Amino acid sequence: MIPSLDPKETKTSDAKVTLPLQGWVQGLRGNNHVQFLQLRTNGEIFQVVCEKEKLGEEMFKQIKSLPQETSLVVTGTWQDNPKAPSGKELLLISFEIVGSSSDYPITPKEHGPDFLHNHRHLWLRSKRQLAIQRVRSELSFAIREFFRNDGYTLIDTPILTGSIGESAGTLFSTEYFDLGQAYLAQTGQLYLETAAFAHSKVYCFGPTFRAEKSKTKRHLTEFWMLEAETAFLGQEGNLDLQERFVKSVLKTTIERTREDLKTLDRDPQPLLNYLEKPFPRVDYKEAINILQSAGEAITWGEDINAEREQILTNHYGTAIFIQNFPRAIKAFYMKQNPNDPKTVLSADLIAPDGIGEIIGGSEREESYEKIVERLQEEGLPPEDYSWYLDLRKYGSVPHAGFGMGLERVIAWVCGLPHIRECIPFPRMIYRLTP
Ligand code: 4AD
Ligand code: MG
């Protein structure tokens, strides 16, 4: 059996120790005397130095002709190399082939995005993709850490649901035995609200589904959403929580992925600068005024599209909350604004640099009558929501929550123009495989 080994540990141990390393040939370059083999192991790439003089003619010839992605076990000694990313490289003593590879389709030359997405199952092995998935992994962990440290309980909400969570327009549905239609969850929120009345502070984190017909750089049909719901919390407190949460998890993630961001040519400093200052809380009404002054033909009541979001973040030079949207363009569960009944106590957090909306949230309507009225306006049958409406009957309290799209935040951290590389296997209107 091949011993499993963490190369990170070996870096700090005695450089003279001989250790086997298991991995894949990421690349090979050099000359007739020495070959530098890039070995991918544990998602990191190490340089293995192969010297003809040490290995002999025959073994050196074998190394030189190893095809890309051959899997190997190599044995060698660690030596210092300040130019190597880890500061160390392995001087090869011997190697053994585990699995052969030939004509690996992704070569070091340029490939178009369609070709790469068709080979996503292999593309995940490339250096930039390793970095992006590591950022995703660290961000996901930081999110769970934040809520755990803040006293929130994780509630896993269902993916197959019997009632519409957000809007009828973007639903995936399927036949469900004798019970009619089931929908893929657009949000865990309604279930999370019920759990907030049990645990007070709850979050869920999982895949959500929207049959978005738009081909944009920020829409997936399957994306991951973090949602939090807090009992006895109003909209101001909800915004304070969101701001503290976003700043905390972004700082933690950047700190833990500095090398990956270097691989992506992403200087995190401009992003860190945004996190040092408060995010302005801009009224929807004020946002419309700013857009009109910038020459946009927009009037009160319209939604704010991606281009206009960017005009607004450029105007403020940072991430902004847009709050108190018109009631008619927002979901049925948002609380009517007591100071301006045409609006709701809601906010979207808009990230700068063209990323756009990363969070949508609101205080929730506590009034049984008002929420039934909104369901009816939206053409949603209140009887499908009887369980949800029970919350407004048995100890209703002010409560608020929000949802953050994971992939959009990864795109922001990594400085990527499109969110499709931010999830291992993107699902979009025109893509279901691999
Ligand atoms: O604004 P949304 O639709 O809010 C909700 O679903 C609420 N139920 C959340 C809550 O209050 N618990 O979606 C929340 C976030 C958006 O701000 C965006 O970041 C992301 O989810 N999002 C998408 N990300 C990728 N592709 C899509 N099609 C997305 N739709 C929403
Ligand atoms: Mg939204």
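Residues take their numbers from the sequence shown, with the count starting at 1. Both ligands and their constituent atoms are indexed starting at 1 by order of listing. All values derive from a computational prediction rather than experimental measurement.
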Mind checking whether His399 and Phe197 have parallel, tilted or perpendicular rings, split at 30° and 60°?
perpendicular
the protein heavy atom lying closest to atom 28 (N) of ligand 1 turns out to be Leu220 O, 2.9 Å
Ignoring hydrogens and geometry, is there a side-chain-to-backbone donor-acceptor pair from Gln68 to Ile106 under 3.5 Å?
yes
For Phe232, is the CZ atom crowded, meaning more than 12 foreign heavy atoms sit under 6.0 Å from it?
no
In the protein, which heavy atom is nearest to atom 15 (C) of ligand 1, and how far is it?
Gly403 O, 3.6 Å
I want to check something: taking the side chain as every heavy atom from C-beta on, are Phe402 and Leu226 in contact at a cut-off of under 4.5 Å?
yes
Determine whether Ser163 and Tyr388 make a side-chain contact, defined as any pair of heavy atoms from C-beta on separated by less than 4.5 Å.
no
Is any N or O atom of Gly405, backbone or side chain, closer than 3.5 Å to an N or O atom of ligand 1?
yes
From Asp348, does some N, O or S atom reach closer than 2.8 Å to the Mg ion (ligand 2)?
no
Side chain, backbone, both or neither: which part of Tyr333 has a heavy atom under 4.0 Å from ligand 1?
side chain
Looking only at protein heavy atoms, which one is nearest to atom 5 (C) of ligand 1, and what is the separation?
Glu166 OE2, 3.3 Å
Counting only nitrogen or oxygen atoms and a 3.5 angstrom limit, does Gln186 reach ligand 1?
no
To atom 25 (C) of ligand 1, the nearest of Glu407, Glu193, Met225, Arg218 on a heavy-atom basis is Arg218
For the pair Thr343 (side chain) and Asn337 (backbone), establish whether a donor and an acceptor sit closer than 3.5 Å, ignoring hydrogens and angles.
no
Just wondering, do Arg125 and Leu122 contact through their side chains at under 4.5 Å, heavy atoms?
yes
Within-4.5 Å side-chain heavy-atom neighbours: Lys83 and Gln47
no
List the closest protein heavy-atom neighbour of atom 17 (O) of ligand 1: residue, atom name, distance to the nearest 0.1 Å.
Glu357 OE2, 2.6 Å
Less than 6.0 angstrom from the centroid, inside 45 degrees of the normal: does Lys277 satisfy that with respect to the ring of Tyr316?
no
Report yes if Ala228 has an N/O atom closer than 3.5 Å to an N/O atom of ligand 1; otherwise report no.
no
Identity and distance of the protein heavy atom lying nearest atom 18 (C) of ligand 1:
Arg408 NH1, 3.5 Å
Counting heavy atoms only, which of Arg364, Glu222, Glu227 is nearest atom 11 (O) of ligand 1?
Arg364
Using a strict 4.0 Å cut-off to heavy atoms of Gly360, name the atoms of ligand 1 that fall inside it.
1 (O), 9 (C), 10 (C), 11 (O), 17 (O)
Could you check whether Glu193 pairs with Arg392 (Lys NZ or Arg NE/NH1/NH2 to Asp/Glu carboxylate O, under 4.0 Å)?
yes
Could you check whether Thr299 and Glu302, counting side-chain N and O atoms only, form a donor-acceptor pair closer than 3.5 Å?
yes
Less than 3.5 Å between some nitrogen or oxygen of Ile358 and one of ligand 1, yes or no?
yes
For the Mg ion (ligand 2), find the closest N/O/S atom belonging to Glu357 and write down its atom name.
OE2
Just wondering, are more than 12 heavy atoms of other shown residues or ligands nearer than 6.0 Å to CZ in Phe115?
yes
Residue, atom name and distance, where the atom is the protein heavy atom closest to atom 21 (O) of ligand 1:
Phe223 CE1, 3.4 Å
Is the contact between Ile359 and ligand 1 made by the side chain, the backbone, both, or neither, using heavy atoms and a 4.0 Å cut-off?
backbone
Is there a polar contact, in the sense of an N or O pair closer than 3.5 Å, between Glu212 and ligand 1?
yes
What is the nearest protein non-hydrogen atom to atom 6 (O) of ligand 1, stated with its residue, atom name and distance?
Arg210 NH2, 2.8 Å
